[in-house]
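Count residues from 1 along the sequence. All figures in this text were calculated on a predicted structure; none of them were measured in a lab.
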Amino acid sequence: VQLQASGGGLVQDGGSLRLSCAASGGTFSRPTVGWFRQSPGKEREFVAAIFRWNTGTTYYADSVKGRFTISRDNAKNMVYLQMNSLRPEDTAVYYCAADPSLILSSVRMSHSYKYWGQGTLVTVSS
């Protein structure tokens, strides 16, 4: 299974971007899909996730709650991350990840995800 993240770019403080994550090369049912980010010198951190695709249950890091929205398009096998009110501290490489058997208690843990996309850079200028 390959994941392809896209949609990153340069945006001003307070701006918006929508990231996309496309899955190809295989199929699995009801995966959990998450977004993580990593900025230079920092560890990869959890941003948002949809637990077990079909449940639609979503989780967010406190730092993005109310500003970011994760959503899915079942027909297109796509997951999106709408990012509003972006701040310079949101600057990072954003990765999408998926796992077909992840348990709820692990949804925020990057090491629990089996499949990873290549990352897309988001830069927020002040």
Hey, what do you get for [atom1] ([X]) to [atom2] ([Y]), rounding to the nearest 0.5 Å?
X      : Y     : atom1 : atom2 : value
Thr58  : Lys65 : OG1   : NZ    : 9.5 Å
Lys114 : Thr32 : NZ    : OG1   : 14.0 Å
Met78  : Arg72 : CE    : CZ    : 14.0 Å

Evaluate the side-chain proximity of [Y] to [X]: yes if any heavy-atom separation is below 4.5 Å, no if none is.
X     : Y      : value
Leu86 : Phe68  : yes
Tyr59 : Leu104 : yes
Ile70 : Tyr60  : yes
Arg37 : Leu81  : no
Met83 : Asp90  : no

Looking at every non-hydrogen atom in both residues, tell me the closest pair between [X] and [Y] and how far apart they are.
X      : Y      : value
Tyr95  : Gly117 : CD2-O, 3.6 Å
Val47  : Tyr94  : CG2-CE2, 4.2 Å
Ile50  : Ser71  : CD1-C, 3.8 Å
Ser110 : Trp116 : O-CZ2, 3.2 Å
Gly119 : Val93  : CA-CG1, 3.8 Å
Ser106 : Tyr113 : O-CE1, 4.2 Å

Could you tell me whether a side-chain N or O of Thr123 sits under 3.5 Å from a main-chain N or O of Thr91, the two making a donor and an acceptor? no
query: So, the side chain of Arg52 versus the backbone of Ile103: is there a donor-acceptor pair under 3.5 Å, distance only?
result: no
Using residues 3-23 as the side-chain source, report each donor-acceptor pair under 3.5 Å to any protein atom, sequence neighbours left out, with the distance given to one decimal.
residue	atom	partner	partner atom	Å
Ser16	OG	Asn84	OD1	2.9

Ring pair (Phe, Tyr, Trp, His ring centres under 6.0 Å) filter on Phe46, not counting sequence neighbours, yields Phe36
